[in-house]
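Heads up: the structure comes next, in structure tokens.
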Amino acid sequence: IHHYNSLISGHCKLGKLSGANNLVKEMIDKGLEPNVVTYTSLISGYCKAGELKTAFSLYHEMTGKGISPNIYTFTALIYGLCRSNMMAEACKLFDQMKEWNVIPNEVTYNVMIEGHCRKGDIVKAFELLNKMLEKGLVPDTYTYRPLIGGLCSVGRVSEAKDFMDDLHSDRHKLNEMCYSTLMRGYCKEGRLKDALGACTEMVSRSIDVDLVCYTILINGFLKHGETKKLLSLLKEMHDHGLRPDNVAYTSIIDAFGKAGDLGKAFGVWDIMVSEGCIPNVVTYTVLINSLCKAGDIHSAELLCKEMLGSNSIPNSMTYSCFLDQLTKVGHIEKAVELHSTMLESSLANVVTYNILIRGFCQMNRTEEAAEILTQMVEANILPDSVSYSTIIFEYCRRGSLSEAMKLWDVMLDKGLYPD
RNA sequence: ACGCACCAAUUGGAAAUGC
């Protein structure tokens with residue numbers, strides 16, 4: 001049974017859920033009964049795939065058979081809820097597991113803390129950290145990294161650094177992930193000097209400055225127009241025996257494209273390929289995006305076709321580059337057409353709808369823009385603050401202040417925070 | 001018999017939308 005469990009877990013980790021299910025059938029045929037480990041592996045697999053319904057029906061199936069869920073099972077389920085942004089449900093299960101006499105451990109707390117941080121609820125996250133400490137549980141980098149990232153994502157980068165300094169003085173070990181998260185926060189705020197400072201601090205604390213750290217720096221400097229720094233960073237990497245990978249190259253390509261230098265962008269693409277890095281869907285999409293923005297639809301379409309011939313499949317983001325370009329040049333009907341095709345292929349999301357909203361607004365068809373909000377709800381894709389603010393901005397521009405205020409209230413009513 | 005071990009749970013980098 002261990003061998004089967006191990007194989008099933010492996011399939012789940014690779015996202016091969018049907019393969020995992022076949023193995024379960026096979027083991028049952030051989031007279032082996034799935035146990036808690038088997039179920040937990042499957043539950044974890046479905047949670048990672050975002051298929052929470054299946055995960056919970058497996059959970060009910062196992063409890064129905066009299067197999068008791070354990071700490072691994074609950075943590076996997078809570079992880080799934082957190083990843084789907086269902087923190088209320090995650091909190092509920094976190095409390096309910098005690099009814100099964102299962103006490104949350106470090107991993108469970110780490111998962112919950114990360115979930116709260118992802119939602120920007122730093123207060124709850126730190127409350128849980130304190131609760132962990134009260135219970136004598138030992139936090140580690142799986143705890144600290146999300147907290148650092150959470151503080152950064154709500155614009156409290158300096159507090160994140162203070163937090164890290166406190167941890168350091170209390171002799172808690174931080175790793176590359178904690179530092180790279182902080183560096184990313186600094187870069188997003190344009191505090192490039194501080195990002196470099198963090199790098200220096202890593203060296204002084206014997207933490208390896210790895211490829212991810214360098215990629216964050218390269219991305220940060222380039223996106224803030226500091227092109228000169230690129231060569232010295234690349235040289236430094238080289239001196240440390242690091243070579244850029246496709247993520248690093250894609251970041252550089254994107255930066256040149258966004259700066260309007262498509263020649264250099266394609267130049268880097270060639271270098272990347274000659275270095276043996278394989279362009280992926282993101283690499284293609286950043287180029288398609290820049291080509292669309294430059295109005296070169298023909299080349300963008302060629303690249304898109306080329307993608308289909310390679311191993312990358314265009315996704316929502318790829319198509320939304322075309323969608324955005326269509327609306328910007330006023331081809332709203334064509335955009336709507338493309339969007340309905342996307343919708344059929346499950347490639348529509350809140351951003352693709354927002355692009356349509358902006359398109360209608362731009363054509364002075366604000367009523368139709370507002371109707372999109374209803375369509376979104378029907379498609380089970382909830383409007384976000386960008387959806388609303390696009391229309392609110394349009395009402396304001398036209399002097400319809402009362403309409404703008406009305407929509408503002410609707411937005412607040414839906415529990416959306418203005419940004 | 002009891003332990004123990006074995007199989008299952010959590011962390012970082014690049015792309016699209018409004019102002």
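What you see is a predicted model, and the numbers here were worked out from it, not measured in a lab. Lettering of chains follows the sequences in order, A, B, ..., and the numbering in each one begins at 1.
In this structure, the NE2 atom of A/His3 is 12 Å from the P atom of B/A8, given to the nearest Å. Rounded to whole Å, the distance from CD1 on A/Ile67 to P on B/A8 is 17 Å. In this entry the distance linking CG of A/Leu147 with P of B/U11 reads 15 Å, nearest Å. With rounding to whole Å, A/Ile8 atom CD1 is found 16 Å from B/C6 atom C1'. One interatomic measurement links the two molecules: CE of A/Met27 to C1' of B/C7, which rounds to 10 Å at whole-angstrom precision. The NE2 atom of A/His116 sits 17 Å away from the C1' atom of B/U11 (whole-angstrom rounding). Nucleotide B/U10 holds its C1' atom 14 Å from the CG atom of A/Leu81, rounded to whole Å. Rounded to whole Å, atom P of B/A8 lies 15 Å from atom NE2 of A/His11.
Put simply, A/Tyr72 rests on the base of B/A8: the two rings are less than 5.5 Å apart at their centres and nearly parallel, under 30°.
Side chain to side chain, A/Lys406 and A/Tyr395 fail the donor-acceptor criterion of an N or O pair below 3.5 Å. For the residue pair A/Asn280 / A/Ser312, no side-chain donor-acceptor distance below 3.5 Å is found, with atom types taken as modelled.
Salt-bridge annotation for A/Asp324 and A/Arg358: absent, with no side-chain N of the basic residue lying under 4.0 Å from a carboxylate O of the acidic one. Ion pair A/Glu333/A/Arg365 flagged as a salt bridge, since at least one NZ, NE, NH1 or NH2 atom sits closer than 4.0 Å to an Asp/Glu carboxylate oxygen. Salt bridge absent: A/Glu337 and A/Lys334 never bring a charged side-chain N and a carboxylate O closer than 4.0 Å. A salt bridge links A/Glu201 to A/Lys161: one of the charged nitrogens lies within less than 4.0 Å of a carboxylate oxygen. Under 4.0 Å is where a charged nitrogen must lie from a carboxylate oxygen, and between A/Arg145 and A/Glu114 at least one such pair does.
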Contact string for nucleotides 12-19 of chain B, one letter per nucleotide 5' to 3', B = base within protein heavy-atom range under 4.0 Å, S = sugar-phosphate only, - = neither, reads BBBBBBBS
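Remark: the A/Asn70 side chain and the B/A9 base include no donor-acceptor N/O pair separated by less than 3.5 Å. Contact annotation: side chain of A/His2 to base of B/C6, donor-acceptor pair present below 3.5 Å. A donor and an acceptor atom sit less than 3.5 Å apart, one in the side chain of A/Tyr142 and one in the base of B/U11.
Within the nucleic acid shown, A/Thr141 comes within 4.0 Å of at least one base atom, counting heavy atoms only. Counting any heavy atom pair closer than 4.0 Å across all strands shown, A/Ser6 reaches sugar-phosphate atoms only and no base atom.
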